[in-house]
Amino acid sequence: MAVLAGVAGLAGFLFANASGVVAPENSGFVFGTELVVWTALGGRGTIFGPLLGAIGVDYLSANLSGELPFLWQLVVGGVFVVMIILLPGGLASLVTERFGRDSRKHRLDALPSATRVDTMASSVPVVSVAGLGKSFGALSVLKGIDFTIRPGELVSVVGPNGAGKTTLMRCLSDGTEKIEGHVEIAGRDIAGLPPQDVVALGVGRKFQVASIFDSMTVAECLRMVRMRHERPSLTQSPDAIDLPAAAIEILRLTGLTDMADRPVSLLSHGQRQALELAMVVALEPRLILLDEPTAGLSKAERMTIGAVLKHLTADLGFAAILVEHDLDFVREISSRIVVLHQGKLVLDGTVEDVVQSETVRTIYSGGAHA
């Protein structure tokens, strides 16, 4: 940001010296619109694209304004619309599509087993929540929540809409939330820690809507995640991407190992969900937070995701907290279930405890009160 501000300042200095005029009108609405047009025509997300756009538009405008003084703006606008429809990536995309990512094939390699996340031997709970409360003004969303989660556990959080499930996930992943009580990750209180510092403690969060980048390939998304553990080189870009064995396993189970160079925009909904889960695991977290990972998936895709989650927790020792509305799915994969209702924890027990609970039946039938 500082470097870009310096470049903008230098450009303003050169422009003022060349024109001999400094006025607010120079950076008004028209100029701001021109910046957007230059970037769109040249190619967003590139260094030279906006430069090409600026030169092309200004050259065309300068010539047309003399020959067609009353129509030149209409012509330039028409060219802009046609370019956006036929070449949405701008002029620079002609170069990147021909000489860019398609010319290289990436390989996904598993890290040595010694570098895998191994939390099974730890005696400290991965998550410890004591007296957690969260309010928005006069509205209390969470009230006195207490629970602990140890390595290897997959704990599902269930409850009707408005029970406080998503708010609980936010409190576990963001220490800047104003709460009552305490949240500890691997024995450390996260109070005051921003999300990136909570991630550094070993928390990975998968959102309901996959947070991946359509403009990238599968390999590029995975490489971006690994930058937290492996600093990228300024002089070379290796073909191999080293990933934890657990992430490789997710990609294998979901058929993504052979799609490393496929653009994310071409993936199905289930493949996008699986890719985001692999990206979370590639962070090598102690705890994985999952917000409705099966939303919108087919039965086959749900079964695959369920098998992946059971493998991560039961076999590889990850701890996971799952927010889910599909109770059949929850019953098949959970080691414990936490039931929330109107911000309160009403039950924390085994799958059988919850299935046989009259309280849970009453809550889901709409007859429970705080």
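What you are looking at is a predicted structure, and each value in this text was computed from that prediction instead of being measured.
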Crowding at [atom1], [X] (>12 non-hydrogen neighbours, <6.0 Å):
X	atom1	answer
Met303	CE	no
Arg336	CZ	yes
Tyr59	OH	no
His182	NE2	no

Side-chain ([X]) to main-chain ([Y]) donor-acceptor, under 3.5 angstrom:
X	Y	result
Ser135	Gly137	no
Ser156	Ser334	no
Asn17	Phe13	yes
Ser357	Thr359	yes
Lys344	Ala163	no
Arg226	Ala282	yes
Glu324	Glu292	no
Asp146	Gly131	yes
Ser128	Pro125	no

Within one Ile-Leu-Val-Met-Phe-Trp-Tyr cluster: [X] and [Y], side-chain cutoff 4.5 Å:
X	Y	answer
Leu51	Val36	no
Phe213	Ile241	yes
Val209	Met169	no
Ile250	Phe207	no
Val7	Leu10	no

- Message: side-chain hydrogen bond (donor to acceptor under 3.5 Å, both in side chains) for Gln342 and Lys143? Distances and angles first, verdict last.
- Response: CA-CA 9 Å; Gln342 296 182 350; Lys143 310 167 188 176; 5.8 Å; no
- Item | Verdict with supporting geometry, Leu340 and Leu168, side chain to side chain contact (heavy atoms under 4.5 Å, CB included) | CA-CA 10 Å; Leu340 295 182; Leu168 173 63; 4.2 Å; yes
Distance check, rounded to the nearest 0.5 Å: [X] atom [atom1] versus [Y] atom [atom2]?
X	Y	atom1	atom2	result
Ile185	Leu193	CD1	CG	10.0 Å
Ile321	Ile149	CD1	CD1	3.5 Å
Phe329	Leu322	CZ	CG	6.0 Å

Residues [X], [Y]: salt bridge by 4.0 Å N-O rule:
X	Y	value
Lys134	Glu177	yes
Arg331	Asp326	no
Glu249	Arg252	yes
Glu358	Arg361	yes

Using only heavy-atom distances, determine whether the side chains of [X] and [Y] contain a donor-acceptor pair under 3.5 Å.
X	Y	answer
Ser173	Arg205	yes
Ser61	Asp58	no
Thr294	Glu301	no

- Task: Applying side chain to side chain contact (heavy atoms under 4.5 Å, CB included), run through Gln271 and Leu266 and close with a yes or a no.
- Result: CA-CA 10 Å; Gln271 290 170 334; Leu266 300 181; over 6 Å; no
- Met259 and its side-chain contact (heavy atoms from CB on, under 4.5 Å) partner, picked from Val264, Leu267, Leu251, Leu275: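 That would be Leu267; it is the only one of Val264, Leu267, Leu251, Leu275 passing the side-chain contact (heavy atoms from CB on, under 4.5 Å) with Met259.
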- Query: Can you name the one residue among Asp348, Leu347, Leu327, Val338 that meets side-chain contact (heavy atoms from CB on, under 4.5 Å) with Val354?
  - Reply: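 For Val354, the side-chain contact (heavy atoms from CB on, under 4.5 Å) check succeeds only for Leu347.
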With the side chain counted from C-beta on, respond yes when [X] and [Y] share a heavy-atom pair under 4.5 Å apart, and no when they do not.
X	Y	answer
His341	Pro160	yes
Thr313	Glu153	no
Leu201	Arg188	yes
Leu283	Val225	yes
Thr350	Asp353	yes
Leu222	Met279	yes

- Query: Quick one: side-chain contact (heavy atoms from CB on, under 4.5 Å) partners of Glu67, sequence neighbours excluded?
  - Reply: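 Here no residue qualifies.
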- Query: Shortest non-hydrogen contact from Ile190 to Cys171?
  - Reply: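 Scanning both residues completely, I find the closest heavy atoms to be CD1-O, 3.6 Å.
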- Query: Shortest non-hydrogen contact from Phe80 to Ala40?
  - Reply: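 Here Phe80 and Ala40 meet closest at CE1-CB, 3.8 Å.
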- Step by step, would you call His311 with Leu316 a side chain to side chain contact (heavy atoms under 4.5 Å, CB included)? CA-CA 6 Å; His311 178 63; Leu316 300 179; 3.8 Å; yes
